[in-house]
Amino acid sequence: MAYKLLFVCLGNICRSPSAENIMKHLVNQTGLSKEIICDSAGTSSYHIGSPPDRRMSAAAKLRGIQLVGEARQFQRSDFEKFDLILAMDRENYRDILALDRSQQYKDKVKLMCDFCTRHNLKEVPDPYYGGPEGFNQVIDLLLDACEGLLNYVISQQQSVN
Ligand code: 4NP
């Protein structure tokens, strides 16, 4: 069975689509696109149906990553559908777990920055109201976190198979 990852931020137009597309890029490079499935969602309904933010896409393109996607809102059914849910910041983490009424999915929800090995920040900062450097920082952090996450998922899969 494929391992399913869901990346979650507030709007699903900046951080989580970047995480999804960076992770897909790494997964493809590793030849694991059938084994590891990636998706993203937002805790809010603000941007449902929108493509990734242009400023975010520009920053990703500088690093060779094309952002594709259409924003959707996180749903309770995602707890069942995904093996691991990666929150970009603590507010996203709390908002996700607030929907876990039976408190049975806590172990599936983790902070994305917990997988960083080169950066010390504990959250992926919201770049929406800032300048271009914020968007570049998001890509830097996510490249680091996605590498760590890929190694984690591969080690998890090896321990199961
Ligand atoms: P994201 O960024 O959560 O990384 O997609 C944001 C997008 C939109 C808003 C805030 C953050 N907003 O307030 O509309």
Side-chain angles (χ1 to χ4, degrees), residues 3-28 36-101 105-150 152-153:
Y3 196 93
K4 298 196 180 70
L5 299 168
L6 181 66
F7 300 94
V8 180
C9 62
L10 177 63
N12 193 210
I13 55 169
C14 296
R15 293 165 292 174
S16 61
S18 299
E20 175 191 350
N21 285 281
I22 289 170
M23 194 65 185
K24 280 181 174 164
H25 183 79
L26 296 181
V27 164
N28 282 339
I36 304 174
I37 306 296
C38 306
D39 191 10
S40 65
T43 56
S44 77
S45 61
Y46 304 157
H47 296 280
I48 291 174
S50 297
D53 185 285
R54 280 174 216 276
R55 300 163 297 168
M56 196 71 254
S57 296
K61 198 174 166 200
L62 289 175
R63 312 299 289 270
I65 308 283
Q66 195 197 349
L67 297 190
V68 291
E70 189 178 299
R72 73 169 180 91
Q73 190 169 17
F74 181 84
Q75 299 174 350
R76 279 202 177 88
S77 56
D78 289 321
F79 284 124
E80 271 301 315
K81 289 184 186 150
F82 291 89
D83 296 294
L84 203 53
I85 297 167
L86 290 310
M88 297 299 127
D89 63 31
R90 292 189 182 93
E91 183 181 287
N92 307 147
Y93 180 87
R94 278 194 300 272
D95 289 344
I96 294 164
L97 284 179
L99 294 171
D100 178 15
R101 285 180 293 209
Y105 299 111
K106 192 164 189 287
D107 292 347
K108 282 192 180 188
V109 187
K110 297 193 191 298
L111 274 173
M112 187 65 183
C113 283
D114 288 350
F115 294 95
C116 282
T117 61
R118 297 187 296 272
H119 293 82
N120 292 321
L121 275 184
K122 287 291 152 222
E123 303 180 286
V124 185
D126 180 348
Y128 195 68
Y129 292 106
E133 67 290 345
F135 291 89
N136 293 329
Q137 182 189 35
V138 167
I139 299 296
D140 278 344
L141 275 169
L142 290 176
L143 283 166
D144 185 5
C146 284
E147 272 183 44
L149 178 61
L150 181 58
Y152 171 78
V153 173

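The chain is numbered in sequence order, starting from 1. Just so you know, ligand 1 is whichever comes first in the structure, and atom 1 is the first atom listed for that ligand. Below, all heavy atoms of this structure are taken into account, side chains as well, without hydrogens, waters or symmetry copies.
Using a distance-only test at 3.5 Å, with no hydrogens or angles considered, a donor-acceptor pair links the side chain of N12 to the main chain of R72. A donor-acceptor distance shorter than 3.5 angstrom exists from the side chain of S44 to the backbone of L10, with no hydrogens or angles considered.
Looking at residues two or more places apart in sequence or on another chain, you find a side chain to side chain contact (heavy atoms under 4.5 Å, CB included) between R55 and D53, Y128, F135. For L97, the side chain to side chain contact (heavy atoms under 4.5 Å, CB included) partners are Y93, D100, K106, V109, not counting sequence neighbours. Partners of I65 according to the side chain to side chain contact (heavy atoms under 4.5 Å, CB included) rule, which considers only residues two or more places apart in sequence or in another chain, are N21, I22, H25, A60, L67.
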Please test F82 against K108 for side chain to side chain contact (heavy atoms under 4.5 Å, CB included), starting from the C-alpha separation and ending with a verdict.
-> CA-CA 8 Å; F82 291 89; K108 282 192 180 188; 5.9 Å; no
When you check ligand 1 against the protein, what N or O pairs turn up below 3.5 Å? List the atom names and distances, or just say none.
| residue | atom | partner | partner atom | Å |
| --- | --- | --- | --- | --- |
| ligand 1 | 3 (O) | L10 | N | 2.9 |
| ligand 1 | 3 (O) | G11 | N | 2.8 |
| ligand 1 | 3 (O) | R15 | NH2 | 2.9 |
| ligand 1 | 4 (O) | R15 | N | 2.9 |
| ligand 1 | 4 (O) | R15 | NE | 2.7 |
| ligand 1 | 5 (O) | G11 | N | 3.4 |
| ligand 1 | 5 (O) | N12 | N | 3.2 |
| ligand 1 | 5 (O) | I13 | N | 3.1 |
| ligand 1 | 5 (O) | C14 | N | 2.9 |
| ligand 1 | 13 (O) | Y129 | OH | 3.4 |
| ligand 1 | 14 (O) | H47 | NE2 | 2.9 |

